[in-house]
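Reading through the structure tokens given below for one structure.
Note: hydrogens, waters and symmetry copies are ignored here, and every other heavy atom, side chains too, is used. Bear in mind the structure is a predicted one, so any value in this text is a computation, not a measurement.
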Amino acid sequence: MAKLVSNVYGDALFELAVESGKIDDFLKEAEGVIDVVKSNDGFSQMMNHPKINKEEKLQIIDEIFKGRVSDEMVGLLRMLEEKDHSKDIETVLNYFIDRVFDYKKIGKATVSTPMELTEAQKNDVEKRLLQTTDYASFVMTYKVDPELIGGMVIRIKDRVIDSSIKTQISKLTHELSNIQLKVGECAP
């Protein structure tokens, strides 16, 4: 089975970062490039516009990124364009970032609660996650979701820890709907 574009290019960038000792530099650059791509709709439109030829697109990459990021990162962006994969820039760089986070044992956690947590509560949540996982540190994202009523939902990769009251009520409702009493019968 063919490897995904993100895996091929992301793995190559990761291997280069490890070999050259530039993991942290490339990580910052990857995050910066993603910010530029996400915050500038015009960039994506130009890179995907059929009437702008490949040479012009390569020139755009050079104008925007040369001197601002490493030659290796510019080279990657140019290669993605040359191979008609410029639409995959974000995916490739996000894959690379995930590889770096795994390598450095950094977890990404999203914590949803019905109300804003205090700094002390946020610190307690992170401390507890560090104690119960193999990660050395976490990048934490906190979201407020009033529909949860109480408790919290924590997402780490594809793992979900859901202690919300909303989910507990939903489970209880489901369990109660499965109880079928015959007419006139009393529950023990």
Side-chain angles (χ1 to χ4, degrees), residues 1-112 125-126 128-143 153-162:
M1 187 166 101
K3 279 179 108 176
L4 296 173
V5 169
S6 60
N7 297 28
V8 171
Y9 292 98
D11 285 338
L13 183 61
F14 177 75
E15 289 169 19
L16 178 62
V18 171
E19 288 171 11
S20 63
K22 294 182 177 180
I23 292 176
D24 292 332
D25 295 337
F26 286 5
L27 176 61
K28 286 178 190 165
E29 289 180 1
E31 292 169 336
V33 171
I34 288 172
D35 286 344
V36 168
V37 172
K38 278 185 174 178
S39 65
N40 190 340
D41 290 336
F43 176 79
S44 295
Q45 290 172 349
M46 284 188 296
M47 298 308 289
N48 294 311
H49 199 286
K51 291 189 178 180
I52 299 176
N53 69 40
K54 197 172 294 237
E55 281 306 313
E56 290 174 306
K57 291 177 183 179
L58 292 171
Q59 189 175 1
I60 291 167
I61 289 170
D62 287 346
E63 288 173 10
I64 294 173
F65 295 106
K66 218 169 203 169
R68 292 178 180 87
V69 296
S70 65
D71 291 343
E72 294 91 343
M73 187 64 70
V74 173
L76 172 70
L77 298 173
R78 287 179 61 87
M79 187 181 308
L80 288 170
E81 174 52 40
E82 288 168 358
K83 302 288 185 182
D84 296 320
H85 294 303
S86 62
K87 68 185 180 310
D88 298 311
I89 290 172
E90 270 187 79
T91 309
V92 168
L93 295 178
N94 278 319
Y95 176 84
F96 167 75
I97 291 168
D98 288 344
R99 287 282 321 262
V100 171
F101 275 37
D102 286 345
Y103 180 79
K104 296 180 79 152
K105 293 193 176 283
I106 300 170
K108 291 182 191 176
T110 301
V111 179
S112 300
V125 169
E126 185 173 357
R128 184 73 178 128
L129 289 176
L130 288 169
Q131 291 170 347
T132 58
T133 65
D134 292 332
Y135 292 109
S137 65
F138 274 94
V139 172
M140 305 292 291
T141 303
Y142 294 94
K143 296 181 178 180
V153 177
I154 302 172
R155 296 179 195 285
I156 304 170
K157 288 191 176 186
D158 58 353
R159 217 168 95 199
V160 177
I161 304 157
D162 188 342

Answer whether the closest heavy-atom distance between the side chains of Ser70 and Glu29 falls below 4.5 Å.
yes
If you compare all heavy atoms of Ser6 against all heavy atoms of Thr91, which two are closest, and at what distance to 0.1 Å?
CB-CG2, 3.5 Å
Do the rings of Phe96 and Phe26 sit parallel, tilted or perpendicular, given the 30° and 60° boundaries?
tilted
Would one find more than 12 heavy atoms of other residues, nucleotides or ligands at under 6.0 Å from atom CG of Asp35?
yes
Side chains of Met46 and Asn40: does their closest heavy-atom pair fall under 4.5 Å?
no
Separation between CE (Met47) and CD1 (Ile60), nearest 0.5 Å, reads 6.0 Å
Quick check: do Tyr95 and Leu13 have side-chain heavy atoms less than 4.5 Å from each other?
no
Donor-acceptor pair, distance only, cut-off 3.5 Å: does the side chain of Asn48 make one with the backbone of Ser44?
yes
Atom CD1 in Ile23, atom CZ in Phe14: separation rounded to 0.5 Å?
5.5 Å
For Tyr135 and Leu129, run side-chain contact (heavy atoms from CB on, under 4.5 Å): C-alpha distance rounded to whole Å, both residues' side-chain angles, the deciding distance at 0.1 Å, then the answer.
CA-CA 8 Å; Tyr135 292 109; Leu129 289 176; over 6 Å; no
Roughly how far apart are Asp71 CG and Phe65 CZ, rounded to 0.5 Å?
14.0 Å
Expected output: side-chain Lys143 to main-chain Ser112 donor-acceptor under 3.5 Å
no
Could you walk me through whether Met140 and Val125 pass the side-chain contact (heavy atoms from CB on, under 4.5 Å) check?
CA-CA 10 Å; Met140 305 292 291; Val125 169; 4.0 Å; yes
Is the closest side-chain heavy-atom distance between Glu56 and Asn53 below 4.5 Å?
yes
Residue pair Ile106, Val139: steps toward the side-chain contact (heavy atoms from CB on, under 4.5 Å) verdict:
CA-CA 7 Å; Ile106 300 170; Val139 172; 3.9 Å; yes
Glu72 vs Lys22, test: salt bridge (Lys or Arg N to Asp or Glu O under 4.0 Å). Steps then yes/no.
CA-CA 10 Å; Glu72 294 91 343; Lys22 294 182 177 180; 3.2 Å; yes
Take Arg68 and Val74 through the test side-chain contact (heavy atoms from CB on, under 4.5 Å) and record every step on the way to the result.
CA-CA 9 Å; Arg68 292 178 180 87; Val74 173; over 6 Å; no
Nearest 0.5 Å, please: how far is CD in Glu126 from CD in Gln131?
11.5 Å
Pairs where residues 88-108 contributes a residue and the test salt bridge (charged side-chain N to carboxylate O under 4.0 Å, His left out) is met, not counting sequence neighbours:
Asp11-Arg99, Asp24-Lys104, Asp98-Lys108, Asp102-Lys157
Identified side chain to side chain contact (heavy atoms under 4.5 Å, CB included) partner of Ile89 from the options Ile34, Leu77, Asn94
Leu77
Just verifying a value: how many Å separate Asp62 CG and Glu81 CD, rounded to the nearest 0.5 Å?
11.0 Å
Measuring from atom NZ of Lys57 to atom CD1 of Ile52, what distance do you get when rounded to the nearest 0.5 angstrom?
6.5 Å
Would you say Lys87 has more than 12 foreign heavy atoms packed within less than 6.0 Å of its NZ?
yes
Side chain proximity check, Thr133 to Arg159, heavy atoms < 4.5 angstrom:
yes
So which pairs with a foot in residues 36-51 pass salt bridge (charged side-chain N to carboxylate O under 4.0 Å, His left out), sequence neighbours left out?
none
